[in-house]
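Report on one structure; see the data block that follows.
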Amino acid sequence: MTTPTCFSLNWVDTHVAHLVLNRPEAMNTMHPTFWRELDDLLTQLHTEGKARALVISSTGKHFSAGMALETFAGAIQMDDQSPEGRAAIFDLLTDMQATFTKIEALRIPVIFAIHGGCIGGAVDMVTCGCIRYASADAFFCIQEINIGMVADVGTLQRLPKLVPFAVVKELAYTGRRLPADRAAQYGLVNEVFDTAEATLAAALQCAREIAAKPPIAIWGTKQAVAYARDHSVEDSLRQMGWLQGAIWSNAHVRESITAQKARREGQFPPLSPLQSFKTLG
């Protein structure tokens, strides 16, 4: 892909990728280019199999101020004058939702380092992650209600899985800000740090710890946790049996134990690169 304009992708260690929102002058707002670049970068990370953990952070005063409002008047025309036009809104939203869902479906854990405002679409985005760290100045806001619309790219579907339902309703109905300390109390944020720098350092350290484990075991764990969130205990236990039977490795267990005893890093094969059927032949 061409060099992105809304993001930078760096490799902190051999197996830790760091994706940075890098339009601080625009408060890292989200417009069609943002969506295209994010989709391409996530697809690249997913298919390559090189990264074992991904950290997503940002620049400037705020993590992201959410959707660029001028988008609705310019690049995206929402036709509410006919049933055909309103039906097309469904397909547009489905396409946008799919990009953020790629974060959730990525083969590796995703850790967010959040500072300043995490507003509107940014809440949709971070709820797709596995782990969220925040600086003391961070806050979360379901901004959509403040501009006369319903949050529609994942917040209302994922946030109730993360915090008490009554809290979701309060935030979604009022558009109030949820400060970092309260977000931590409710479980939305894993830990709060004094500064953005300390937050990012903690996220990267967590990513390094994850990257030291067998990638296929991390993949399996992410699959199991995601499945258990949306299914009964009985169904999830059955799925766990199928999953473990598919990926169990005596060699990985031996290497993990040997590496711990020797106080060295374990040596594990990476996830296999993925191929698209459309590119074969």
### Donor-acceptor side-chain pairing of D124 and T155 below 3.5 angstrom
yes
#### Entry: Trace of the side-chain contact (heavy atoms from CB on, under 4.5 Å) decision for E104 with R158
CA-CA 10 Å; E104 189 172 57; R158 293 187 173 96; 3.0 Å; yes
### Query
Would Y133 and F193 count as a close aromatic pair, with their ring centres under 6.0 Å?
yes
### Query
Do side-chain atoms of Q97 reach the backbone of D152 as a donor and acceptor pair under 3.5 angstrom?
yes
### Task
Determine, stepwise, if the pair V55 / L19 fulfils side-chain contact (heavy atoms from CB on, under 4.5 Å).
CA-CA 6 Å; V55 172; L19 184 63; over 6 Å; no
### Message
I want to check something: taking the side chain as every heavy atom from C-beta on, are N28 and T59 in contact at a cut-off of under 4.5 Å?
### Response
yes
### Query
Hey, are the side chains of M30 and S64 touching, using non-hydrogen atoms and a 4.5 Å cut-off?
yes
### Task
Using only heavy-atom distances, determine whether the side chains of W11 and D13 contain a donor-acceptor pair under 3.5 Å.
no
### Pair E255 + R264: basic N to acidic O under 4.0 Å
yes
#### Entry: ring pair (Phe, Tyr, Trp, His ring centres under 6.0 Å) partners for W35, two or more places apart
F100
#### Entry: Closest non-hydrogen atom pair between V123 and C118, with its separation
CG2-O, 3.2 Å
### Message
Between T33 and C6, is the side-chain contact (heavy atoms from CB on, under 4.5 Å) condition met? List the steps.
### Response
CA-CA 8 Å; T33 302; C6 301; 4.1 Å; yes
### Message
With heavy-atom distances below 4.5 Å as the criterion, would you say the side chains of R107 and L274 are in contact?
### Response
yes
### Query
Does CD in Q275 sit with more than 12 non-hydrogen atoms of other residues, nucleotides or ligands closer than 6.0 Å?
no
### Nearest heavy-atom neighbours spanning A180 and A136
CB-O, 4.1 Å
### Point-to-point distance, once rounded to the nearest 0.5 Å, from CG of D40 to CG of L45
11.0 Å
### Task
Kindly assign one of parallel, tilted or perpendicular to the pair H252 and F268, based on the angle between their ring planes and the thresholds 30° and 60°.
perpendicular
### Message
To check you understand the geometry: which heavy-atom pair defines the closest contact between R52 and P215, and what is its length?
### Response
NE-CG, 3.4 Å
### Query
Is there a chain of hydrophobic side chains (I, L, V, M, F, W, Y, each step under 4.5 Å between heavy atoms) that links L41 to V20?
no
### Query
Got D230 and K161 here, is their nearest side-chain heavy-atom distance under 4.5 Å?
yes
### Query
Looking at CD1 of I56 and CD1 of I114, how far apart are the two atoms once the value is rounded to the nearest 0.5 Å?
10.0 Å
### Query
Given the rule that I, L, V, M, F, W and Y join up when any side-chain heavy atoms are under 4.5 Å apart, are Y186 and L162 in one cluster?
yes
### Query
Any side-chain donor paired with an acceptor under 3.5 Å for S57 and H18?
yes
### Query
If you group Ile, Leu, Val, Met, Phe, Trp and Tyr by side-chain heavy-atom gaps below 4.5 Å, do F140 and I111 land in one group?
no
### Task
State whether the number of non-hydrogen atoms from other residues, nucleotides or ligands found under 6.0 Å of D194 atom CG is greater than 12.
no
### Task
Mark yes when over 12 heavy atoms from residues, nucleotides or ligands other than K102 sit less than 6.0 Å from its NZ; otherwise mark no.
yes
### Message
When you group the ILVMFWY residues by side-chain heavy-atom contacts below 4.5 Å and let the links chain together, are L159 and M125 in the same group?
### Response
yes
### Query
Given T199 and H115, is the side-chain contact (heavy atoms from CB on, under 4.5 Å) satisfied, shown in steps?
CA-CA 8 Å; T199 305; H115 74 280; 5.9 Å; no
#### Entry: Nearest heavy-atom neighbours spanning K50 and H15
O-ND1, 3.5 Å
### Query
Can you tell if the side chain of I131 reaches within under 4.5 Å of the side chain of F112, non-hydrogen atoms only?
no
### Query
Is any side-chain N of the basic residue among R132 and E191 closer than 4.0 Å to the acidic one's carboxylate O?
no
### Message
Just so I know, are the side chains of S135 and V192 near enough to count as touching, which here means a heavy-atom distance under 4.5 Å?
### Response
no
### Query
When clusters are formed by joining ILVMFWY residues with side-chain heavy atoms under 4.5 Å apart, either directly or through shared neighbours, do L271 and I247 land in the same one?
yes
### Query
Side chains of D235 and S232: closer than 4.5 Å at any heavy-atom pair?
yes
### Message
Name the residue from I103, V153, V110 that meets the side chain to side chain contact (heavy atoms under 4.5 Å, CB included) definition with C128.
### Response
I103
## Note on the structure
Applying side chain to side chain donor-acceptor pair (under 3.5 Å) to E209 and not counting sequence neighbours gives Q205
### Task
Could you tell me which residues satisfy ring pair (Phe, Tyr, Trp, His ring centres under 6.0 Å) with Y227, sequence neighbours excluded, listed by chain and number?
H231
#### Entry: I218 and I210, any side-chain heavy atoms less than 4.5 Å apart
yes
### Query
Taking the six-membered ring of F139 as reference, does the NZ or CZ atom of R177 fall below 6.0 Å from its centre and within a 45° cone about the axis?
yes
### Query
So with a 6.0 Å cut-off around CZ of R176, is the heavy-atom count from everything else above 12?
no
#### Entry: Between CG on residue L106 and OG1 on residue T101, distance to nearest 0.5 Å
12.0 Å
### Task
Look up atom OG1 in T99 and atom CD in E37, then write down how far apart they are to the nearest 0.5 Å.
12.0 Å
### Task
Would you name the heavy atoms of G60 and P24 that are closest together and state the gap between them?
CA-CB, 3.6 Å
### Summary
Separation between CD (E234) and CD (Q239), nearest 0.5 Å, reads 13.5 Å
### Message
Please check: side-chain N/O of T29 versus main-chain N/O of A68, any donor-acceptor pairing under 3.5 Å?
### Response
no
### Message
Looking at every non-hydrogen atom in both residues, tell me the closest pair between G175 and N146 and how far apart they are.
### Response
O-ND2, 3.3 Å
### Summary
SG (C141) and CG (L178) are apart, to the nearest 0.5 Å, by 9.5 Å
### Query
Got a salt bridge between D39 and R36, using NZ or NE/NH1/NH2 to carboxylate O under 4.0 Å?
no
